[in-house]
Amino acid sequence: MRRAWLTLPAATAFTLAAVIPAAAPASAAALAPPQVRINQVGYPADGPKVAFAMLPRTVASVRFEVVTPYGVAYRGVSADDVGAWNANYQAVYRLSFSRLSLEGQYQVKLLSPARASSPRFIIGDGPQLYRELVDNSVRYFTSERDGPDVVSSVLSRQPANLTDQKAYVYADPRYDSNDNLLGTLKKTGGPVDVSGGWFDAGGGYEKFGYTASYADALMLLAARDFPSSYDMLAPEAEFGLQWVTKLWNPARKVLYAQVGIGTGNASNTIQGDYNFWFLPQREDRLNVKPGGNPGPSAYYVKYRPVFPAAPAGHKVSPDLAGRFAADFALGSQLAMGSDAASAAHLLSLARSVYAMAKTTSVGQLVTVFPHDFYPATQWKSDMLWGAAEIALADEATGAASARVRADLSVAARWARAYLAQGHDDTFNLYDTGAVAEAELIQAMRQAGDFPVAPRTLLADMAAQLRAGQAQAKGDPFGLGTQLGDSDASPHAFGLFITDALYQKYGGSDPSGRFASFAQQQLNFALGANGWGTSFVVGAGTVFPHCMQSEIANLAGSLTGTGPIQLGATSDGPSSPDNFTGLSTVDGMRACSAGHFAPFNTKAAAYEDNVLSWPSVEPADDYTANSLMAFALGAAGLG
């Protein structure tokens, strides 16, 4: 469900179609070697601890031990076969060692029916496990900065896309079903300053209000709730907010949704960002004059178009209005302690953009251009989120009680609308309900006014967790979302976030089933999965080395050590169909790591290869989810 640019013009004939087949069965003479899968970062001392043994066939039981550098700490036997993984691994056994609570470094070893060992991991408290990972996530966003204010110590970044300081506005582009630009771009206004912000994802340098506002809201929320824990979190969140603020002009009532284009037209007379593979500072240096290199076809790569969400003065797609309002109101909450004038200004921005939401005859939501890069359909949770944060900003700025009550009533109305429509997703870029519900509970409790019962919102968060649990029943590794068809790692982090907030606001979990389920979502994303890899760079022993990230590929190491794009979070496994027809781009450094094909299934494959955007393209929304999950985990939640 992410970006649809696998039809990028090929620079070579090499593809991955034959690299990622469904795993073939091992012969009786050469059974697949046993594997041990664990959370490679580690486990909370007071929480559930589960590893997995992957075996080529079923056995009566599995004997294992958990060892320290000084000796055996725990011995266990498991007959808990949770199902076949693929033709090579026809049995997966759950190995529980939850009674082990002493902090330290450990390793799981199989003793019979065959021997195998896990990577080393730790058992510790929240800060020991996750604090550094939050810092790494923040560093990822720093590595993705655009404009003049970059940090050169992070992957040797240099100022880039300075032409965005005087960019021109164009009518929204049209695309065909293959995401080829139709016609030409029509200039309608400008110049406007849209410099700064973060690149959306690894394989291109466009900037999207839809994803940036989501990522920044989670960062601002973490900075608000953990104000003394992470030195660089608030400054990086503020950097993101500065750019989001540039996209909303309250005087003209126009919101800019996008800077740059990813794909051009089929004839390449208009090229887009995905036609090139270079460091971002190169875009300013392109010679787009007739006879130049690459010439006029790259004009919109150097002089990037700005696209509005709607014409000035017209109502704005409600997903964007709600998210931008949440950003501004969260910024207001953070600013109140140090700059009351700034807090008041940001709250006024929140109100003004929220008032422009188009909530009737909505039609297709505006996300990005083309829409199917981010094909969102749900928006009521965004309106709930924006209203909840406005109410919290009211309280932070000392608004009159009548004002607070009015804004809480608006939030409650959207909460009821969100619940009434039903929803078949859990917290992620496309459905922000769980966080929005938690924020409304906080706002109501602070005000002592309850236009919707907190238990109603908690019940919906519990329903999302139960939906994840139902999905997990079909997966030996307990993933709460369907492999192949959805964004695996961000959904896993999203379910952990949902449980952490459910706990924080008093949700009932007497049996601890939600907590165990949520911990397994984190385990999955950090290595306790069929492929035995973490999907977060720098987290654990095995993690992506060859990301589809121009910055990581061209300015970083390809070995997993040295200068790497720490904190970058990728999707992980994806449908095998998504890996066909992938090709190189001129300038791309070849990179492939690991040997994951034996662990692929008919439903999902994974490949650590720079070509493999379905597995290893990092993105802002993915990394914002992991950042929030790690921050909550460090605080002992989830």
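Below, all heavy atoms of this structure are taken into account, side chains as well, without hydrogens, waters or symmetry copies.
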| query | Is D135 close to M232 at the side-chain level, that is, under 4.5 Å between some pair of heavy atoms? | reply | no

| query | Where does the angle between the aromatic ring planes of Y374 and Y210 fall among parallel (under 30°), tilted (30 to 60°) and perpendicular (over 60°)? | reply | tilted

| Are any non-hydrogen side-chain atoms of E607 and V616 less than 4.5 angstrom apart? | no

| said: Under 4.0 Å between a side-chain nitrogen and a carboxylate oxygen: does that hold for E144 and K207? | reply: no

| query | Can you check whether P48's main-chain N or O pairs, donor with acceptor, with S98's side chain at less than 3.5 Å? | reply | no

| request: Would you check if R37 and N529 make a side-chain contact, meaning some heavy-atom pair closer than 4.5 Å? | output: no

| Atom pair OG (S612) and CD (E617), whose distance is rounded to the nearest 0.5 Å | 11.0 Å

| query | When the ring centroid of Y502 is compared with that of F514, is the distance short of 6.0 Å? | reply | yes

| For the side chain of S626 and the backbone of T623, is there at least one donor-acceptor N/O pair under 3.5 Å apart? | yes

| R323 with D382: basic N within carboxylate O range, under 4.0 Å | yes

| Would W613 and D571 count as having a side-chain donor-acceptor pair, cut-off 3.5 Å? | no

| field | Between H491 and F493, ring centroids under 6.0 Å | value | no

| Should F596 and T533 be marked as a side chain to side chain contact (heavy atoms under 4.5 Å, CB included) after you check the CA-CA gap, both sets of side-chain angles, and the distance that decides it? | CA-CA 9 Å; F596 299 101; T533 179; 4.0 Å; yes

| Any donor-acceptor pair under 3.5 Å linking the side chain of S575 with the backbone of G484? | no

| query | Between S615 and S574, does any side-chain donor sit less than 3.5 Å from a side-chain acceptor? | reply | no

| request: Decide side chain to side chain contact (heavy atoms under 4.5 Å, CB included) for W379 and T359; before the verdict, give the C-alpha distance in whole Å, the side-chain angles of both, and the deciding distance to 0.1 Å. | output: CA-CA 9 Å; W379 53 271; T359 58; 3.9 Å; yes

| task | Determine whether the side chains of N523 and Q519 contain a donor N or O and an acceptor N or O closer than 3.5 Å. | result | yes

| request: Please examine the side chains of P318 and L365, heavy atoms only from C-beta on, and report whether any two atoms are closer than 4.5 Å. | output: yes

| Is the NZ or CZ atom of R94 positioned over F52's six-membered ring, under 6.0 angstrom from the centre and within 45° of the axis? | no

| Which heavy-atom pair separates L129 from G124 by the least distance, and what is that distance? | CD1-O, 3.8 Å

| request: Could you tell me whether the side chain of F226 reaches within less than 4.5 Å of the side chain of L233, counting heavy atoms only? | output: no

| query | Hey, are Y214 and D319 close enough side-chain-wise for a donor-acceptor pair under 3.5 Å? | reply | no

| query | For the atom pair CG (D449) and CD (Q446), what is the distance rounded to the nearest 0.5 Å? | reply | 13.0 Å

| What class does the angle between the rings of Y130 and F630 fall in, given that below 30° is parallel, 30 to 60° is tilted and above 60° is perpendicular? | parallel

| request: Please report the shortest heavy-atom distance between V366 and A309, naming the atom on each side. | output: CG2-O, 3.7 Å

| Between D200 and T211: side-chain donor-acceptor atoms closer than 3.5 Å | yes

| field | Short side-chain donor-acceptor distance under 3.5 Å, D431 and N428 | value | no

| Inter-residue atom distance L566.CG - N136.CG, 0.5 Å rounding | 4.5 Å

| task | Check the surroundings of atom CZ in R455: do more than 12 heavy atoms from other residues, nucleotides or ligands lie under 6.0 Å from it? | result | no

| said: Using side chain to side chain contact (heavy atoms under 4.5 Å, CB included), reason through Q464 and E437 one step at a time and then give a plain yes or no. | reply: CA-CA 12 Å; Q464 294 183 47; E437 288 167 333; 3.7 Å; yes

| query | Looking at the rings of F477 and W85, which for Trp means the six-membered one, are their centres under 6.0 Å apart? | reply | yes

| task | Determine the interplanar angle of the F307 and F369 rings, folded into 0 to 90°, and report it as parallel if under 30°, tilted if 30 to 60°, perpendicular if over 60°. | result | perpendicular

| query | Is the side chain of T397 donor-acceptor paired with the backbone N or O of E395 at a distance under 3.5 Å, no angle test? | reply | no

| field | Test item: K473 side-chain N/O and G478 main-chain N/O as donor-acceptor pair under 3.5 Å | value | no

| said: For D499 and F517: C-alpha separation, side-chain torsions, deciding distance, then whether side chain to side chain contact (heavy atoms under 4.5 Å, CB included) applies. | reply: CA-CA 9 Å; D499 177 66; F517 166 73; over 6 Å; no

| query | What residues form a ring-ring contact (aromatic ring centres under 6.0 Å, His included) with Y418, not counting sequence neighbours? | reply | H423

| said: Ignoring hydrogens, what is the shortest heavy-atom contact between F535 and P573? Give both atom names and the distance. | reply: CZ-CD, 3.4 Å

| field | Expected output: side-chain K49 to main-chain P44 donor-acceptor under 3.5 Å | value | yes

| remark: d(Q469 CD, L495 CG) to nearest 0.5 Å is 9.5 Å

| query | Below 4.5 Å, heavy atoms only, C-beta onward: do L334 and E238 meet side chain to side chain? | reply | no

| G433 and F427: which non-hydrogen atoms are nearest, and at how many Å? | N-CD1, 4.5 Å

| Can any side-chain N or O of T498 pair as donor or acceptor with the backbone N or O of G494 at less than 3.5 Å? | yes

| field | Flag, side chain of D394 to backbone of A399, donor-acceptor distance under 3.5 Å | value | no

| request: Work out which heavy atom in A447 is nearest to a heavy atom in V404; give both atom names and the distance. | output: CB-CG1, 3.8 Å

| query | Without hydrogens or angle criteria, can the side chains of S381 and W414 be said to hold a donor-acceptor pair below 3.5 Å? | reply | no

| Does one side chain, of Q565 or S549, offer a donor that lies under 3.5 Å from an acceptor on the other? | yes

| Q378 CD: over 12 foreign heavy atoms closer than 6.0 Å | yes

| field | Backbone N/O of S229 and side chain of R131: donor-acceptor pair under 3.5 Å | value | yes

| request: Kindly compute the distance separating CD1 (I122) from CD (Q40), expressed to the nearest 0.5 Å. | output: 13.0 Å

| task | Look at the rings of W531 and Y606 and say which category their plane angle falls in: under 30° parallel, 30 to 60° tilted, over 60° perpendicular. | result | tilted

| request: Could you pull out the closest heavy-atom pair between A443 and L408, with the gap in Å? | output: CB-CD2, 3.7 Å

| request: For D608 and C546, indicate whether the former's side chain and the latter's backbone hold a donor-acceptor pair under 3.5 Å. | output: yes

| message | I need the F208 CZ to F373 CZ distance, nearest 0.5 Å. | response | 6.5 Å

| field | Side-chain H-bond candidate by donor/acceptor type, E206 with Q258, under 3.5 Å | value | no

| task | Give a yes or no on whether a salt bridge exists between E236 and R145, defined as a side-chain N under 4.0 angstrom from a carboxylate O. | result | yes

| query | Can you tell if the side chain of L133 reaches within under 4.5 Å of the side chain of V536, non-hydrogen atoms only? | reply | no

| query | Side chains of W243 and D216: does their closest heavy-atom pair fall under 4.5 Å? | reply | no

